[in-house]
Amino acid sequence: MRFGVVIFPGSNGDHDALTSVELGLKEEVVPIWHKDTTIGECDALLIPGGFTYGDYLRAGAIARFSPIMAAVEEFAHNGGPILGMCNGFQILTEAGLLPGALLPNAELTFRCEWINVRVETDRTPFTAAIDPGTVLHLPIAHGQGRYVVTPQQLAELEANDQIVFRYTDAQGQEHDDYNPNGSTAHIAGVCNQRGNVVGLMPHPERAYDALIGGDEGLKILRSVVQADLMAVRG
Amino acid sequence: MIEESTATGRSYLAEVFVSLKAAVNDPQGLAIRDGLRSLGYADVEAVRAGKYLRVTLRAASSDDAHAQVTRMCDQLLTNPVIETYQISITVLADH
Amino acid sequence: MIEESTATGRSYLAEVFVSLKAAVNDPQGLAIRDGLRSLGYADVEAVRAGKYLRVTLRAASSDDAHAQVTRMCDQLLTNPVIETYQISITVLADH
Amino acid sequence: MTVTITPEALREVALTRTEYDQIFELLGREPSPVELGMFGAMWSEHCGYKNSRPLLKHFPTTGSRVLQGPGENAGAVDIGDGLAVVFKIESHNHPSAVEPYEGAATGVGGIVRDIFTMGARPIALLNSLRFGPLDVPRNQYLFNGVVGGIGGYGNCLGIPTVAGDIYFDAKYNGNPLVNAMCVGIVEHDKIMRAKASGVGNLVVLVGADTGRDGIHGATFASVENPEESHRGVVQVGNPFLEKLLLEACLEALEVDGVVAMQDLGAAGLTSSIVECASKGEVGIEIDVQRVSRRERGMSAYEVMLSESQERMLIIVTAEGLPELRSIFERWDLHSDVIGTVTADGRVRILDGDSIAADVPASFYVDDCPVYVREGIESPDNIAARQRDLSDLTDLTSDDVFPALFQLLASHNVCSREPVIRTYDHTIMSNTVTGPLEADAAVVRVKGTNKALAVKADCNPRYVFLDPFLGGQHAVAEAARNVSCVGAEPLALTNCLNFGSPEKPEGYFQLQQAVLGMAKAAEALGTPVVSGNVSLYNESGDEAILPTPTIGMVGLIEDVSRRAGLAPPDGSVLILIGQQSATLGASEYLAVQHGLVAGSPPDLDLPVEHNVQLLVRSLIADGVVSAAHDTSEGGLLVAMAEMLIAARTGASIALQPLRAVNDGRLDRTCFGEAASRVIVAVPNANVDVVLGRATEVGLDALRLGTVGGGQLTLDVAGSVAVAELRETWESGLKHGR
Ligand SMILES: Nc1ncnc2c1ncn2[C@@H]1O[C@H](COP(=O)(O)OP(=O)(O)O)[C@@H](O)[C@H]1O
Ligand SMILES: [Mg+2]
């Protein structure tokens with residue numbers, strides 16, 4: 001399976017996204033420059049973390065207008081799997097491919113640490129091979145991860161099964177103390193209605209090797225490979 | 001780099017005031033309010049933090065400037081999901 | 001949460017417009033300017049990014065409110081090393 | 001001679017009348033305003049090292065692994081596999097005293113440029129910070145701003161901030177220290193240097209537009225009381241632009257025609273052009289009109305002295321130019337061809353068709369005056385060091401735990417987690433051992449089995465009370481930290497933060513500390529490959545504590561053979577090395593008795609070397625499972641830190657140690673000593689460890705066994721480690 005990693009000015013998680021697929025998943029992966037207008041032969045897209053355009057104005061606000069985004073939207077509309085991680089998540093919400101918005105953390109400082117998220121649904125290609133309820137140990141590193149939606153949007157997300165990850169403790173229990181940024185309803189990641197576009201604040205692409213603190217991010221990346229194989233089988 | 005615009009018309013200053021929607025939590029505003037109170041400003045009731053953008057542009061008229069900046073706000077400068085904005089236009093003496 | 005202040009007087013809204021001093025580098029403004037230009041707004045000459053604070057407070061008079069908020073700016077709301085500010089006061093209908 | 005220069009004009013450029021006369025002599029005429037400004041910058045302490053250059057000669061700077069020593073933008077050391085580690089530490093003290101967030105942020109930006117200017121990919125950041133006590137609001141403000149700026153810039157660049165140190169003392173009131181260190185990796189044959197060559201080659205300026213930022217930054221970094229003396233516009237960093245510059249420059253180094261690269265730091269274009277010309281023994285001619293400006297109406301003087309951030313100078317052949325330009329265009333960065341390399345060795349600055357400056361590069365560099373001064377130790381320091389501590393009342397066993405709690409809460413000892421969590425330390429997926437997990441950070445080198453261990457360190461109280469001995473300690477402790485994770489210390493970088501060298505006691509501290517550092521670096525086989533000097537750190541006429549920050553880099557050949565500081569349950573704690581400790585210069589003395597006095601611990605460098613060798617070999621052979629050296633707070637604090645990290649307890653016998661510490665509990669528990677390390681050993685290996693220590697003539701003492709939730713001492717009873725943890729964690733609070 002072939003992954004594409006979209007690189008914008010100020011992306012800095014592109015290296016981790018590329019190496020997690022290459023060294024962790026051992027699948028094929030290619031960089032895609034934001035000035036390109038096509039994404040070529042890719043089966044899945046990763047929108048990496050970083051500070052595109054310095055996160056100036058709003059995180060992801062300027063990057064969403066890059067030339068490549070038209071092709072990304074088309075890929076999304078054709079049902080292609082897209083995973084936005086951290087800044088990638090922010091770009092996808094700014095682009096309207098995912099609901100809600102990401103604001104500065106409640107405590108107003110950047111936060112980098114290993115946390116736990118609970119997988120809420122297996123309807124997305126990035127969680128298809130993970131049992132709902134599974135707790136994943138992943139790093140976060142962001143200053144603007146407070147996920148915000150209106151109450152009725154939240155109701156819709158719940159109704160449509162669009163909440164993909166929630167912050168929890170190691171046992172999978174939700175408490176406010178384990179919500180690192182003040183996100184609404186402890187939401188760490190969501191998907192679009194169709195389920196093929198997923199965004200999350202944590203960094204699965206930094207968790208692909210026990211040597212660097214954990215490898216549970218691979219479950220998310222591997223999931224899309226298996227989903228793809230199943231799709232191929234029919 | 002300083003670029004002289006080729007456009008005709010004159011220079012306007014558009015001031016854009018961006019606020020978070022009332023329904024959206026504003027921890028920064030709360031932190032500032034608490035900071036002020038701890039400095040002894042007991043009469044502070046609330047603080048909301050937003051953005052103040054000064055856009056200098058050339059336009060045919062004040063209305064044209066307003067129309068352009070309105071489009072900029074809807075497209076890029078603000079996020080309708082969480083923000084509202086106001087615009088004020090003033091003419092600049094030409095350099 | 002809104003606290004009822006014990007102070008007499010009435011409620012005022014102080015709008016504080018914080019800008020970077022003219023000569024100070026404004027990376028955010030530059031990025032926004034370039035973003036607007038790449039969206040086709042060729043007539044944008046410059047963008048400066050600042051803060052917009054809405055402070056609601058009780059005060060004896062509009063002058064009192066202005067004086068208080070001026071002190072707040074010098075003490076906490078702005079960074080005099082790189083920023084300048086303007087204040088505008090309006091009376092709020094009492095709740 | 002008849003010279004019309006005014007004292008005001010000289011103060012503006014921080015030159016003395018004598019120095020001005022030297023310039024007049026050299027030129028045989030009065031310097032033009034631009035020339036005078038350039039001399040002022042190049043002859044400042046910051047660029048010219050007027051007071052420190054003769055002292056720096058004492059440092060050992062060569063070694064079998066050293067590929068580049070002092071003299072370039074950063075040092076380079078061989079780590080095998082055709083790779084080199086490139087690193088340097090630099091201060092941004094004065095800017096941070098004026099505007100803490102931007103001062104610290106641009107400090108990070110500057111040191112990162114020094115690394116990729118060498119062609120290396122930056123892979124880790126460190127920082128060493130010093131502040132006055134946090135109960136002073138201004139200090140809390142500086143602390144929050146500096147920490148925010150370091151994170152704000154480094155996080156955006158996507159370089160992990162993995163280690164550092166923070167220390168508080170009233171002597172840093174008004175003079176915080178912000179030292180930033182960057183470590184990068186490069187292939188030997190890709191190391192780039194700042195040596196201009198090839199007459200007719202083009203001088204290209206890339207990156208940010210030039211504004212009126214920080215004019216005279218270099219000169220104001222060389223005068224006292226920065227807050228008053230600071231003129232010019234505060235620099236605001238743009239980490240986003242630096243990220244583009246970093247990627248574009250690393251690509252540009254692949255272009256054939258690129259012969260030299262030099263970042264613009266202190267003194268901006270002036271220093272970069274002069275450095276490139278003088279290193280290459282060529283001339284350079286530029287036209288300031290070709291420099292892209294951020295503001296209208298800037299003079300040649302302002303352009304030459306602007307310290308606008310995120311700019312880089314590249315020397316390239318005419319053939320190489322098109323490819324170079326296309327790379328920068330791809331990254332949306334414009335590149336200005338501002339001049340050419342010439343044969344005449346002169347630095348000629350044109351302003352359109354008029355000549356603003358025309359002086360041989362050597363005048364700025366080789367003719368920079370050097371001051372060898374007379375150092376005299378202040379009588380107060382001698383008195384403080386000689387203070388007899390034996391009259392202090394010892395702790396009773398009931399006092400031991402209360403004292404331990406007090407030390408764990410001390411801002412110089414407590415957890416740095418509230419700060420560390422605001423720094424991205426997992427990006428680049430190389431961080432094997434992050435902050436809080438060990439004495440040094442361990443960062444793997446992708447594509448090899450190796451890892452680097454890095455640490456920045458300095459105990460300024462030791463240096464204050466005995467500069468020569470304290471200088472040795474700074475190097476020894478940094479090396480010990482690196483050895484404690486299992487790495488062989490390879491080389492070091494250093495930042496000399498001192499007060500005014502024009503005061504005899506200030507010069508004494510600088511001189512003695514440098515001699516001490518040199519001695520230890522020699523003995524431990526860790527040459528000095530780069531560094532930076534920041535003098536005149538005084539406010540009022542209070543100088544800071546003398547602070548020669550050491551940045552140590554070590555190598556782990558097999559990353560699977562390393563140690564952290566958390567001991568597994570059931571393991572045995574053994575103290576290797578020095579058993580007798582002293583209260584002199586200790587954190588205990590400061591916290592419990594409010595005393596900064598006594599002599600720092602003795603340091604026998606051969607013994608120190610032995611201890612580190614043994615610990616490393618024990619880790620490499622997989623015999624020990626954890627290691628931790630004992631620094632501020634002594635043995636008991638070190639042990640508490642290990643148990644807190646492992647969320648476990650231990651039962652410990654200290655009576656044997658008490659015997660060798662004149663029966664004193666305070667010395668036994670909280671006295672400080674060099675050349676000792678606590679290791680955690682699986683029961684089966686205890687005899688091996690004791691045996692191998694004896695073989696190399698080192699003491700090794702079995703302290704006790706790890707397990708349970710309590711720390712139990714034969715000399716003081718028990719306490720819950722969870723309580724110790726709570727105190728240790730709640731010491732520092734940081735918020736923006
Ligand atoms: N304390 C020191 N020890 C060793 N080398 C030093 C020291 N201070 C400065 N140097 C060396 O002097 C040169 C100039 O230093 P500096 O002015 O900081 O460089 P830059 O202009 O790149 O910041 C560098 O090669 C640096 O490594
Ligand atoms: Mg340099």
Side-chain angles (χ1 to χ4, degrees), chain B residues 1-20 22 26 28-60 64-65 68-69 71-73 75-77 85-86 88 92 95, chain C residues 1-20 22 26 28-60 64-65 68-69 71-73 75-77 85-86 88 92 95:
Chain B
M1 191 163 2
I2 296 161
E3 286 168 11
E4 286 302 341
S5 162
T6 54
T8 54
R10 55 199 303 186
S11 286
Y12 293 85
L13 169 65
E15 293 175 289
V16 181
F17 314 106
V18 185
S19 314
L20 279 176
D26 177 15
Q28 193 187 357
L30 292 174
I32 297 171
R33 184 200 65 185
D34 297 345
L36 288 171
R37 287 185 177 165
S38 69
L39 285 173
Y41 296 99
D43 294 338
V44 173
E45 290 176 336
V47 177
R48 301 281 292 176
K51 296 189 196 113
Y52 173 48
L53 303 173
R54 296 167 64 89
V55 180
T56 321
L57 75 164
R58 295 195 67 87
D64 172 32
Q68 284 196 52
V69 175
R71 282 201 306 281
M72 296 178 194
C73 286
Q75 251 186 300
L76 173 65
L77 298 183
Y85 64 89
Q86 282 177 307
S88 129
L92 291 177
H95 29 248
Chain C
M1 116 228 86
I2 303 293
E3 284 172 12
E4 275 310 328
S5 159
T6 53
T8 53
R10 54 200 303 185
S11 285
Y12 293 85
L13 169 66
E15 293 175 289
V16 182
F17 314 106
V18 185
S19 326
L20 285 170
D26 177 11
Q28 175 159 232
L30 295 173
I32 297 170
R33 180 201 63 190
D34 296 346
L36 287 171
R37 285 186 181 161
S38 67
L39 283 177
Y41 296 99
D43 294 339
V44 173
E45 290 178 334
V47 176
R48 303 281 290 175
K51 289 191 227 104
Y52 173 49
L53 303 172
R54 296 167 64 90
V55 179
T56 329
L57 75 165
R58 294 191 70 84
D64 173 32
Q68 284 197 52
V69 174
R71 283 200 305 280
M72 296 179 193
C73 287
Q75 270 183 281
L76 181 77
L77 299 182
Y85 63 88
Q86 280 178 308
S88 127
L92 292 177
H95 33 242

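Nothing here was measured: the structure is a model prediction, and the numbers come from that model. All chains are named by letter (A, B, ...) in the order of the sequence lines, taking the proteins before the strands, and each is independently numbered beginning at 1.
- Taking chain B as the reference chain and counting heavy-atom pairs below 4.5 Å, the highest number among Glu15(C), Gln68(C), Met72(C) is found for Met72(C).
- When the candidates Leu53(B), Leu76(B), Leu36(B), Val55(B) are compared by the number of heavy-atom contacts under 4.5 Å with chain C, Leu36(B) comes out ahead.
- Of the atoms belonging to Phe17(C), heavy atoms from both backbone and side chain fall under 4.5 Å from chain B.
- Annotation: Gln75(B), atom CD; neighbour count of heavy atoms from other residues, nucleotides and ligands within 6.0 Å is above 12.
- Within the 4.5 angstrom heavy-atom criterion, no atom of Leu13(C) approaches chain B.
- Of the atoms belonging to Val18(B), it is backbone heavy atoms, and not side-chain ones, that fall under 4.5 Å from chain C.
- Contact annotation: the side chain of Thr56(C) never approaches that of Val44(B) to less than 4.5 Å [non-hydrogen atoms, C-beta and beyond].
- Taking both residues in full, the closest heavy atoms of Arg71(B) and Tyr41(C) are given as CB-OH, 3.3 Å, listed atom of the first, atom of the second, then distance.
- We find the NZ-CD distance between Lys51(B) and Gln28(C) to be 7.0 Å, quoted to the nearest 0.5 Å.
- Side chains of Arg54(C) and Val47(B) form no contact here, defined as non-hydrogen atoms less than 4.5 Å apart.
- In this structure, the side chains of Arg58(B) and Glu45(C) come closer than 4.5 Å at one or more pairs of heavy atoms.
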